[in-house]
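Remarks on the structure that follows.
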Amino acid sequence: MKLSVTISEYTWPDGPSRLAAHVGDVAHAADELGLDTVWVPDHLLQGVPGTSLEDEVLEATLGEAVSAAATIPTSRTPCSPTPG
């Protein structure tokens with residue numbers, strides 16, 4: 001069984017100034033826990049239902065870059081994997 005985490009909510013109590021740090025912390029924790037992948041929304045798959053257009057969000061490539069920088073990558077899965 002493979003376990004993953006999706007970061008779909010980017011609103012943090014201390015605001016957008018620490019957004020990248022929080023995403024990195026989540027990715028690092030997922031890596032430490034042995035989870036297989038960290039997923040971030042892109043233009044095809046947005047955040048949680050009811051998310052406002054004014055809410056903080058990272059572009060998918062930036063979210064992946066921040067996650068990768070916070071972990072020791074052994075393998076990477078693209079944000080929108082292809083079947084097979």
Checklist entry - Can you name the closest pair of heavy atoms from Ala30 and Val5 and give their distance? => result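 Distance-wise, the nearest heavy atoms are CB-CG1, 3.9 Å.
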Item to check | Ile7 and His22, any side-chain heavy atoms less than 4.5 Å apart | outcome: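 No, side chains not in contact.
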Checklist entry - Could you state the interatomic distance from CG (Asp14) to CG (Leu19), rounded to the nearest 0.5 Å? => result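 Those atoms lie 9.5 Å apart.
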